[in-house]
Amino acid sequence: NAGVMQNPRHLVRRRGQEARLRCSPMKGHSHVYWYRQLPEEGLKFMVYLQKENIIDESGMPKERFSAEFPKEGPSILRIQQVVRGDSAAYFCASSPRQSVRTDPIEQYFGPGTRLTVT
Amino acid sequence: AQSVAQPEDQVNVAEGNPLTVKCTYSVSGNPYLFWYVQYPNRGLQFLLKYITGDNLVKGSYGFEAEFNKSQTSFHLKKPSALVSDSALYFCAVRAPSNTGKLIFGQGTTLQVKP
């Protein structure tokens with residue numbers, strides 16, 4: 001069973017360009033989380049999606065960032081007009097079902113996409 | 001607000017010695033706690049979790065963690081460290097919402113020397 005796949009692993013963008021990060025969850029998983037890891041910091045939650053639905057986007061910056069998880073294909077995290085402060089590692093995690101209060105299941109993480117904005 | 005603190009940026013231990021990586025938390029309600037490990041240029045790997053019940057939780061690779069409600073701590077332990085245990089360790093708490101998002105500590109680098 002392949003793990004969570006993310007591509008590209010490394011992405012370099014100039015300021016003002018768009019960045020598209022892809023995440024394919026583990027087989028059988030329909031819940032996807034995106035986290036951002038800034039240098040010297042822990043991971044910060046960005047967004048939680050199920051197929052075709054954004055469930056929680058409380059960690060997403062208000063502008064330039066968007067995410068989707070279509071019925072077919074990978075989840076996409078899109079950053080428009082990137083700035084240097086967007087340079088970070090972006091991790092995707094998946095789980096087979098929703099983590100409810102009585103069943104806090106673990107998330108399985110991908111290898112991350114390291115975005116560098118020059 | 002929910003938070004996790006890992007008070008040590010780095011822990012150094014000799015191979016064969018016991019190791020402890022510290023974690024304290026602040027949550028409202030019952031805490032659901034996790035430990036993950038990150039090797040260089042890799043994603044996070046799940047080690048163990050505490051939901052309820054026995055305060056000593058056993059996980060992967062010989063790791064265990066002790067939940068202490070009165071001290072609001074969830075320290076990661078291993079009786080005998082290996083050089084291959086050298087990595088970045090994250091403690092996390094599940095936010096009380098129903099979405100399952102995790103709140104992470106800032107991470108502790110474990111260095112095991114031969």
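Chain A is the first sequence line, chain B the second, and so forth, proteins listed ahead of strands; every chain is numbered from 1.
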_What's the separation between atom OH in Tyr35(A) and atom NZ in Lys101(B), rounded to the nearest 0.5 Å?_
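If we round to the nearest 0.5 Å, Tyr35(A):OH and Lys101(B):NZ are 9.0 Å apart.
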*Can you measure from CG (Leu44(B)) to CD (Gln37(A)) and round to the nearest 0.5 angstrom?*
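It is 7.0 Å, given to the nearest 0.5 Å.
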*Nearest heavy-atom neighbours spanning Arg42(B) and Phe91(A)*: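 The answer is O-CE2, 3.9 Å.
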*So, Gln107(A) side chain and Gly100(B) main chain: donor-acceptor pair closer than 3.5 Å or not?*
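Yes, Gln107(A) side chain to Gly100(B) backbone: donor-acceptor pair under 3.5 Å.
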[X]-[Y] co-clustered via ILVMFWY side chain contacts under 4.5 Å:
X: Tyr25(B); Y: Leu48(B); answer: yes
X: Leu102(B); Y: Val47(A); answer: no
X: Ile76(A); Y: Phe69(A); answer: no
X: Val11(B); Y: Leu47(B); answer: yes
X: Leu115(A); Y: Val4(A); answer: no

*Please examine the side chains of Glu106(A) and Tyr36(B), heavy atoms only from C-beta on, and report whether any two atoms are closer than 4.5 Å.*
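The answer is yes, as the side chains (C-beta and beyond) meet within the 4.5 Å cut-off.
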_Side-chain touch Phe90(B)/Leu43(A), heavy atoms, less than 4.5 angstrom_ =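 Answer yes - side chains close enough.
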*Heavy-atom neighbours of Tyr61(B) OH exceed 12 at 6.0 Å*: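 Count not over threshold, so no.
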*Sort Gln38(B) into side chain, backbone, both or neither according to what part of it lies under 4.5 angstrom from a heavy atom of chain A.*
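Contact with chain A involves the side chain of Gln38(B) alone.
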